[in-house]
There are 4 protein chains.
Amino acid sequence: MRAKSLTEQARRAQIVAAAIEVLAELGYGATSFKQIAARAGLSSTGLISYHFKGKQELVDSVYAEVRRTFTEFVLERMDHSATAAGELRAFLSANLRFLRAHRAHMVALAQVRPHVSAADSADDDHRKMADLLRQGQRRGEFREFDADTVAIFVLALRNGVLARAGDHPEVDLDLCERELITVVELATRRG
Amino acid sequence: MRAKSLTEQARRAQIVAAAIEVLAELGYGATSFKQIAARAGLSSTGLISYHFKGKQELVDSVYAEVRRTFTEFVLERMDHSATAAGELRAFLSANLRFLRAHRAHMVALAQVRPHVSAADSADDDHRKMADLLRQGQRRGEFREFDADTVAIFVLALRNGVLARAGDHPEVDLDLCERELITVVELATRRG
Amino acid sequence: MRAKSLTEQARRAQIVAAAIEVLAELGYGATSFKQIAARAGLSSTGLISYHFKGKQELVDSVYAEVRRTFTEFVLERMDHSATAAGELRAFLSANLRFLRAHRAHMVALAQVRPHVSAADSADDDHRKMADLLRQGQRRGEFREFDADTVAIFVLALRNGVLARAGDHPEVDLDLCERELITVVELATRRG
Amino acid sequence: MRAKSLTEQARRAQIVAAAIEVLAELGYGATSFKQIAARAGLSSTGLISYHFKGKQELVDSVYAEVRRTFTEFVLERMDHSATAAGELRAFLSANLRFLRAHRAHMVALAQVRPHVSAADSADDDHRKMADLLRQGQRRGEFREFDADTVAIFVLALRNGVLARAGDHPEVDLDLCERELITVVELATRRG
DNA sequence: CATGAATGAGGATTCATTCAT
DNA sequence: TATGAATGAATCCTCATTCAT
């Protein structure tokens, strides 16, 4: 595993970026190396194979890149000082804002997720969310519930809203954000 | 649109059933006529083309069949006499039980949905759910919220749970069902 | 080689008629058993295979039928009593009239000719035409020319006009007929 | 519409040449990518699809190539300085000589013409011929006739002779050429 | 590094034909 | 005889990948 040169890194990033755009526009099934190469302004699909061992590595790279961008975006907007409830709220907020800022990433993520080989890193999300919920329970902010199960719910809400909003541009994201926060609060708070 | 003979219907059903299995096991991308024919014990992919005008018709038929099975299953278990809250509860219950009874159908549905040509019948679901919620609001069972938005949430919960449980067999569906009902009740009830 | 029953004959005729229509409308390449069966109101392509040993026999039958109809039509309108020049004129006339009366047959003939297996019966035409020309020469009606070569020309004119008129409905067949007769007369007459 | 590299051009030319040979030998119906690839010494039909967007583009390319060769051949042998009658004679001459020099092209042309997508360029031929005839009439070389109709005849003669000679190698092309020129002259000249 | 030509497996689909009923 | 279901070869085409330059 040699270190990647700068050019190498730049090319990979360029290809991944193009792949994200194509995935968002055409969907996974229609996303071929040809399309990606065209979008990236490359003159040969061979270059993609040169930089990525195979389609799978490209898919995984796309996934990793979207995740990285997403995580960074969310982390910047999380409220770390405060309560678990506050963090949860911030998390949901950040997600909806990410959709507004990077819709293509969001759609590409949905397209790519079923084909990612990596030990499902959606599990990471799940674990972190469950931990946050448990923390809130220990602090007495949240009622008693099975944290793993409710973690599924919270992430399901997140994913579902993103999916719906991705397909239906008419969805009012501000309204959605407020209602989502309300719903999650009602569902989790103590008393 | 001629009537289909009995044999015809049987073959189509057999092919659709095989397609559902293959979709559930291999995913949409790997579901070729070859795979389906093999699974169905057919000697030629030509036979699929003989019974279905094209891949799209097969995909749509799979979707329709899963939907039919699903709707029937859910309807049998719905509580029509009672309150909107009761109906909502019954709906969620039925969904989880369907997953237990017909896991392959559920997974195939997820695989097939993005490729269905029919005017997105996910919108049907949405509309019905929103109507149910509005009815509950008029009857004073539910608090004030934007019904269309919360409909997104309820269906998102349903879809997310099914997806998660589809991938993670260790999920305790009974527990999941109870928590889900609790969460939705907390999120929607008045007061 | 058993004699064909009446039903058999009728069925064959029906299939051939349907084939002629399809050939005229869709061209040879798009003329499949499926199309023919549909046109003939048959419920199975198998029936075609049952009545014709293979596609080739059907093609040949179509050719034979069109030829038969055509020859009969032309013969009825030929002027047998008179001069060779008169016969030639009558032949050309009859051809153009046949096009008007049976355009589908004419087009189907053109479609089918390249695929007919029969020892090219276009040669028959050629031989007969050359004979007629030679007869005219012997009688002193026609100038000296190589009859076989000019036979090619006369038939070429016939075929070309039919082809053109088949494709271009705006062609004035009356005008065409007059000019054609004039041209052939100028080209063949003595002196 | 990017410029084609030299290799690209060469391959395309090679494939087109192979297609012409196959078309001439087997006819349109039997001319598959497989046959063409085999004839061209290619290891895969995929290569044809790589160089041509589809079968239609290949067919059109074959047509264009044959047309190009043909036009070039004829133009080189046309007598531009002289009378309309002279030009007409030169045109007919050149056509017959082309058949001798490039029989395969000629046969392939006939095979391919019905499947060419281009706005029927046989109409071009027709228009040019009619113009030539009208010019001759204005100059007093030709008798009065309907130029559009006689243009059909001239081209019909050309096509018919080529077709006949294509199928029947025993046709004496020299004789044919002389007779053809005589016939056309008799049919068109004034007085 | 980058190019673009080449490869061959695999895709859906159409077709004439066969066969049991 | 007639039906319609079944067959398997053949069609064009797309794809990821490889390789010489």
Side-chain angles (χ1 to χ4, degrees), chain A residues 5-8 10-11 29-37 42-59, chain B residues 2 4-8 10-12 29-37 41-59, chain C residues 5 7-8 10-11 29-37 42-59, chain D residues 2 4-12 29-37 41-59:
Chain A
S5 81
L6 276 179
T7 332
E8 166 87 12
R11 265 278 181 267
T31 299
S32 64
F33 279 19
K34 204 172 169 186
Q35 293 286 342
I36 297 171
L42 307 178
S43 47
S44 169
T45 64
L47 193 56
I48 301 178
S49 288
Y50 176 76
H51 286 284
F52 296 87
K53 206 176 55 186
K55 192 182 190 182
Q56 191 58 58
E57 189 184 313
L58 173 56
V59 163
Chain B
R2 293 246 314 289
K4 314 276 189 205
S5 78
L6 274 179
T7 328
E8 166 88 11
R11 263 280 180 265
R12 283 178 65 104
T31 298
S32 63
F33 277 20
K34 203 173 172 184
Q35 293 287 340
I36 297 171
L42 310 178
S43 58
S44 165
T45 65
L47 192 56
I48 301 177
S49 290
Y50 176 75
H51 286 285
F52 296 87
K53 206 174 52 188
K55 192 182 190 179
Q56 191 59 59
E57 188 182 312
L58 174 56
V59 163
Chain C
S5 80
T7 334
E8 167 86 13
R11 265 277 182 265
T31 298
S32 64
F33 279 19
K34 204 171 167 186
Q35 294 286 341
I36 298 171
L42 308 178
S43 47
S44 170
T45 64
L47 193 56
I48 301 178
S49 288
Y50 177 77
H51 285 284
F52 296 87
K53 205 176 57 187
K55 191 182 189 181
Q56 190 59 58
E57 189 183 315
L58 173 56
V59 164
Chain D
R2 292 246 312 289
K4 313 276 189 205
S5 79
L6 276 178
T7 327
E8 166 88 11
Q9 278 181 286
R11 262 280 181 266
R12 283 178 65 104
T31 298
S32 64
F33 278 18
K34 203 174 172 184
Q35 293 286 341
I36 298 171
L42 309 179
S43 58
S44 164
T45 66
L47 192 56
I48 301 178
S49 290
Y50 176 75
H51 287 285
F52 297 87
K53 208 174 51 188
K55 192 182 190 178
Q56 191 59 59
E57 188 182 312
L58 175 56
V59 163

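Below, read A as the first sequence line, B as the second, and so on, with proteins coming before strands; counting in each chain starts at 1.
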Looking only at heavy atoms, the pair that brings D/Ala37 and D/Ser44 closest together is CB-O, 4.1 Å
Whole-angstrom distance between F/dT21 and E/dC1, as gauged at atom C1':
12 Å
Any stem touching DNA chain E, meaning at least three consecutive Watson-Crick or G-U pairs under 3.5 Å, ordered by first number, would be E:2-21 with F:2-21
In this structure, CG of C/Leu42 is separated from NE2 of C/His51 (nearest 0.5 Å) by 8.0 Å
To the nearest angstrom, the CG-P distance between B/Leu6 and F/dT3 comes to 18 Å
Residue set satisfying side-chain contact (heavy atoms from CB on, under 4.5 Å) with D/Glu57, at least two apart, ordered chain then number -> D/Arg12, D/Phe52, D/Lys53, D/Ser61
Distance col, row B/Arg11:CZ vs B/Ile48:CD1, nearest 0.5 angstrom, shows 10.5 Å
Of all heavy-atom pairs linking D/Lys55 and D/Thr31, the shortest is NZ-O, 4.0 Å
B/S/- along nucleotides 5-14 of chain E (protein heavy atoms under 4.0 Å) is BBBB--SSBB
Here the distance between atom P of F/dC13 and atom CD1 of D/Ile48, to the nearest Å, is 10 Å
The reported gap from NZ in B/Lys34 to CD1 in B/Ile36 (rounded to nearest 0.5 angstrom) is 13.0 Å
Tightest non-hydrogen contact, residues B/Gly54 and B/Phe33, listed as C-CZ, 4.4 Å
